[in-house]
Protein chains: 2
Amino acid sequence: MPGTIKEVAERAGVSITTVSRVINGNPKVRQDTRERVYEVIKELGYVPSAIARGLTLGRTHTIGLILPEIADGFFSQVIRGADEAAVRQNFHLLVSTFHSHRSDEELSFRLLGEGRVDGLILMDPTLGDDFLMEFHRSSFPIVVLCKKIKYTNCKYVVIDDLQGAYQAVVHLIKHGYKRIATIRGPLDNYDAFQRLAGYKSALKDYNIKLNPEYIVDGNFQWEGGESAMHILLDLVQPPDAVFAANDPMAIGAMEAVKKRGLSIPKDMAIIGFDDIELARLVTPPLTTVHLPMYELGAMAVESITGMLKGKSTRRKNILKTGLVIRKSCGC
Amino acid sequence: MPGTIKEVAERAGVSITTVSRVINGNPKVRQDTRERVYEVIKELGYVPSAIARGLTLGRTHTIGLILPEIADGFFSQVIRGADEAAVRQNFHLLVSTFHSHRSDEELSFRLLGEGRVDGLILMDPTLGDDFLMEFHRSSFPIVVLCKKIKYTNCKYVVIDDLQGAYQAVVHLIKHGYKRIATIRGPLDNYDAFQRLAGYKSALKDYNIKLNPEYIVDGNFQWEGGESAMHILLDLVQPPDAVFAANDPMAIGAMEAVKKRGLSIPKDMAIIGFDDIELARLVTPPLTTVHLPMYELGAMAVESITGMLKGKSTRRKNILKTGLVIRKSCGC
DNA sequence: TTGTAAGCGTTATCAT
DNA sequence: ATGATAACGCTTACAA
């Protein structure tokens with residue numbers, strides 16, 4: 001421990017109030033007093049205790065970040081974005097996973113009740129609305145990630161999947177592809193639904209008739225993409241381009257195309273969704289829709305700190321995706 | 001805020017001391033009193049303030065984890081390991097990156113001086129011994145990861161690279177390969193050095209003469225592995241197996257082999273080191289040495305909590321690697 | 001400009 | 001078995 005405010009005060013021959021003033025940049029301190037205090041502070045290597053401050057101010061300058069998983073290409077980017085935003089604002093990040101806690105209740109205990117954090121970022125698709133409601137009632141700053149909140153007015157940040165899919169399909173259209181198919185995700189998945197909607201919307205805007213045969217089911221897995229692509233290739237008139245609702249399916253689809261001795265993108269252009277690590281490593285490198293996970297984490301933190309500072313932040317934030325153009329689309 | 005101890009006390013008609021006793025499981029409380037207090041606690045949804053506790057006890061039950069990077073396949077595993085170990089011990093994890101801070105000094109300020117954490121896990125290859133010395137003098141629980149500490153007696157956890165390399169090469173030997181080469185890493189890299197030592201040691205133990213031509217330089221990059229392999233293949237008597245000092249080089253080497261129209265593992269067996277994500281995705285899947293990053297994080301946390309509990313933990317912990325057997329070795 | 005003292009929510013010491 | 005009170009290190013009225 002690098003000393004306390006009391007020691008500094010004694011050594012500088014002033015009261016602790018004065019030291020506190022100096023620390024907090026209060027202008028009502030005579031210049032020479034201030035200097036003397038600073039000197040002692042440096043001499044002692046004194047650093048104010050965040051805990052004591054936390055107790056008096058009721059603020060810890062810490063934000064909790066709860067994720068379903070940490071060692072994951074996406075979630076780890078969220079953490080990184082949150083970390084950097086936190087550092088920028090001089091906040092700390094308490095990171096933990098959801099699954100490791102026995103229950104929602106315990107989690108709320110550990111972070112909020114205990115007063116460890118000034119706000120909470122929650123990223124968990126399984127989060128119940130009732131659970132959030134409880135939190136929100138406590139008027140505790142809380143931001144939910146990647147989940148539309150209907151019944152409570154919790155703040156949340158989501159990614160605009162529809163726009164991403166739209167952009168991808170438009171890219172294919174502008175490439176000149178005429179027969180654009182899609183491999184969609186599971187029907188009950190909200191994201192999958194949005195991506196399909198984006199696909200449809202793009203076709204519609206460019207007056208391309210929707211061919212029901214060109215919408216084939218996938219399961220968000222590699223294998224699903226592969227078999228879906230086989231179905232498409234077996235069509236009397238196969239598509240010349242495919243938008244897969246996620247990268248694993250896109251890569252599976254690429255496998256199928258290659259197995260038939262066809263070439264990508266000459267015989268079949270492919271665009272994926274997610275921008276996983278592997279996307280740039282496959283041959284040809286996969287053009288795909290990048291999910292702004294880094295920004296998601298950063299924006300969540302900013303949203304929290306904004307609330308803390310009393311700014312009236314938006315309840316809903318939508319993050320735009322970005323098309324990462326590689327080779328599989330024909331570029 | 002879910003109330004304070006005082007409110008609980010009033011409502012239960014006891015003193016705050018008694019409430020405190022109940023909370024902390026002190027047996028010197030009459031059963032019915034205890035029950036009454038518990039009831040009020042539940043009623044109020046009371047949770048003790050970690051901050052206030054921290055102030056009195058001088059313990060925050062929080063461990064700081066500092067890494068060079070977060071969104072990285074290895075570091076994120078360290079975080080996960082640390083998180084799970086922390087949860088097991090009812091500790092919290094304050095995660096941050098090193099690079100984002102302006103200086104060592106600032107980092108020490110932010111985490112230790114402020115008294116936010118009870119201990120610190122540092123993972124940064126660029127850490128200076130003098131810096132660590134400073135920390136250690138303060139007798140603050142601190143564990144350094146993946147770095148041998150010479151001059152100070154800071155605790156540290158390292159991964160046994162030598163043993164990993166040894167194991168890999170022995171595996172090749174037992175496969176029956178006679179001409180085993182290695183693509184080593186940069187000479188100034190400690191890990192690269194250890195891996196080379198493991199290679200040599202294995203050959204020696206199995207009475208295989210070291211062929212200097214079979215040790216070729218790499219740079220830990222994909223390209224380095226590829227060109228190194230070309231050199232090996234151009235030898236009058238090329239090797240029949242190669243141990244690459246990391247996965248990227250191993251994968252680059254695989255490319256070179258494939259480009260020559262040779263097959264893996266029939267014409268050339270390959271083993272890598274690291275077990276990066278991509279290793280299991282290449283064709284054939286790469287046999288490689290797995291780095292126990294998860295365990296590293298977990299052990300670091302356990303080391304810290306051990307120190308905190310006054311246990312005499314080892315100053316030095318060596319983690320064993322594990323051989324991940326896939327297809328590239330001929331298995 | 002500076003200082004005194006109360007208060008933040010706990011735990012711990014000492015009485016009772 | 002229970003309670004009053006000091007202490008932890010800080011901020012902040014309020015006084016001087």
Side-chain angles (χ1 to χ4, degrees), chain A residues 1-38 40-41 44-62 90 109-118, chain B residues 1-38 40-41 44-62 90 109-118:
Chain A
M1 294 290 168
T4 72
I5 198 174
K6 203 174 155 195
E7 297 179 41
V8 175
E10 277 169 8
R11 198 120 151 196
V14 295
S15 74
I16 57 170
T17 310
T18 299
V19 178
S20 178
R21 287 201 181 95
V22 171
I23 294 168
N24 296 297
N26 186 320
K28 289 180 181 301
V29 178
R30 225 175 41 217
Q31 188 58 25
D32 60 326
T33 314
R34 179 187 310 279
E35 276 164 15
R36 189 149 34 92
V37 170
Y38 267 134
V40 176
I41 286 179
L44 257 51
Y46 166 73
V47 183
S49 153
I51 303 301
R53 263 201 178 135
L55 189 57
T56 26
L57 298 179
R59 286 276 156 96
T60 59
H61 251 68
T62 304
N90 249 281
F109 270 30
R110 293 190 24 124
L111 290 182
L112 301 188
E114 285 190 326
R116 285 182 185 279
V117 297
D118 295 342
Chain B
M1 296 290 168
T4 72
I5 198 175
K6 204 175 154 194
E7 297 178 41
V8 176
E10 277 168 8
R11 200 119 150 198
V14 295
S15 72
I16 56 171
T17 309
T18 300
V19 177
S20 178
R21 287 201 182 95
V22 171
I23 293 167
N24 296 295
N26 187 320
K28 290 179 180 300
V29 179
R30 226 173 44 216
Q31 188 57 27
D32 60 326
T33 315
R34 179 189 311 280
E35 274 164 17
R36 190 149 31 92
V37 171
Y38 268 134
V40 176
I41 285 178
L44 256 51
Y46 164 75
V47 183
S49 154
I51 304 299
R53 263 196 179 143
L55 189 57
T56 28
L57 264 25
R59 286 276 158 95
T60 60
H61 251 67
T62 304
N90 249 280
F109 270 31
R110 292 191 25 126
L111 290 182
L112 300 189
E114 285 190 326
R116 286 182 183 280
V117 298
D118 295 341

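Here is the naming used below: chain letters follow the sequence lines, and residue numbers restart at 1 for every chain.
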Checklist outcome for this item: Taken to the nearest whole Å, CG/A:Asn26 to P/D:dC10 is 17 Å
Item to check | Proximity to the side chain of B:Leu55 - top-ranked nucleotide from C:dT10, D:dC8, D:dC10 | outcome: D:dC8
Checklist outcome for this item: From CD of A:Glu7 across to P of D:dA7 the rounded distance in Å is 16 Å
Checklist entry - Which residue lies toward the 5' end of DNA chain D, B:Val29 or B:Leu57, if each is placed at its nearest nucleotide? => result B:Val29
Checklist entry - Can you tell me how far CZ of A:Arg116 sits from CD1 of A:Ile51, rounded to the nearest 0.5 angstrom? => result 8.5 Å
Checklist entry - Under the 3.5 Å rule, do the base of D:dT2 and the side chain of B:Arg21 count as making a donor-acceptor pair? => result yes
Next on the checklist: Counting only side-chain nitrogens and oxygens, does B:Thr4 get under 4.0 Å of the OP1 or OP2 atom of C:dG9?
Outcome noted: no
Checklist outcome for this item: In whole angstroms, the gap separating C1' of D:dT11 from CD1 of A:Ile16 amounts to 9 Å
Next on the checklist: Need to verify one output field. Residue with the more 5' nearest nucleotide on DNA chain D, B:Arg30 or B:Ala52?
Outcome noted: B:Arg30
Checklist entry - Between B:Ile23 (CD1) and C:dT10 (C1'), how many Å, whole number? => result 8 Å
Checklist entry - Rounded to the nearest 0.5 Å, how far does CD of A:Glu10 lie from NZ of A:Lys6? => result 6.0 Å
Next on the checklist: For a 4.5 angstrom cut-off between non-hydrogen side-chain atoms, does B:Tyr38 reach B:Val22?
Outcome noted: yes
Next on the checklist: To the closest 0.5 Å, what do you measure between OG1 (B:Thr17) and NZ (B:Lys28)?
Outcome noted: 14.5 Å
Checklist outcome for this item: With the side chain defined as heavy atoms from C-beta on, A:Arg53 is closest, among D:dT11, C:dT4, D:dG3, to D:dT11
Next on the checklist: In this structure, how many angstroms lie between the C1' atom of C:dG9 and the CZ atom of A:Arg116, rounded?
Outcome noted: 14 Å
Item to check | Distance, nearest 0.5 Å, that separates CG of A:Leu44 from CZ of A:Arg11 | outcome: 4.5 Å
Checklist entry - Taking atom C1' of D:dC10 as reference, at what distance in whole Å does atom NZ of A:Lys6 sit? => result 13 Å
Checklist outcome for this item: Here the distance between atom C1' of C:dG9 and atom CD1 of B:Ile51, to the nearest Å, is 10 Å
Next on the checklist: Please classify the nucleic acid contact of A:Thr17 as base, sugar-phosphate, or nothing, using heavy-atom distances under 4.0 Å.
Outcome noted: base
Next on the checklist: Show, in sequence, the C-alpha distance, side-chain angles and deciding distance for B:Ile23 and B:Ile5, and conclude whether the side chain to side chain contact (heavy atoms under 4.5 Å, CB included) test is met.
Outcome noted: CA-CA 10 Å; B:Ile23 293 167; B:Ile5 198 175; 4.2 Å; yes
Item to check | Given D:dC10, C:dT1, C:dT10, the nucleotide with the shortest approach to the side chain of A:Ser49 | outcome: D:dC10
Checklist entry - Nearest of D:dG3, D:dA1, D:dC10 to any side-chain atom of B:Lys28? => result D:dA1
Checklist entry - Are the side chain of A:Thr60 and the backbone of A:Gly54 linked by a donor-acceptor contact shorter than 3.5 Å? => result no
Checklist entry - In whole angstrom, what separates A:Arg36's CZ from C:dT2's P? => result 8 Å
Checklist entry - Does B:Thr33 place a side-chain N or O at less than 4.0 Å from the phosphate oxygens OP1/OP2 of D:dT2? => result yes
Checklist entry - Axis-to-axis angle across the helix from C:dT1-D:dA16 to C:dT16-D:dA1, five pairs an end, to 10 degrees? => result 40°
Next on the checklist: Considering every strand and a 4.0 Å limit on heavy-atom distances, what is the contact class for A:Ser20: base, sugar-phosphate, or nothing?
Outcome noted: base
Next on the checklist: Donor-acceptor check, side chain of A:Arg21 to backbone of A:Arg34, threshold 3.5 angstrom: yes or no?
Outcome noted: no
Checklist entry - So, is A:Thr56 near the phosphate of C:dG7, with a side-chain N or O under 4.0 Å from OP1 or OP2? => result no
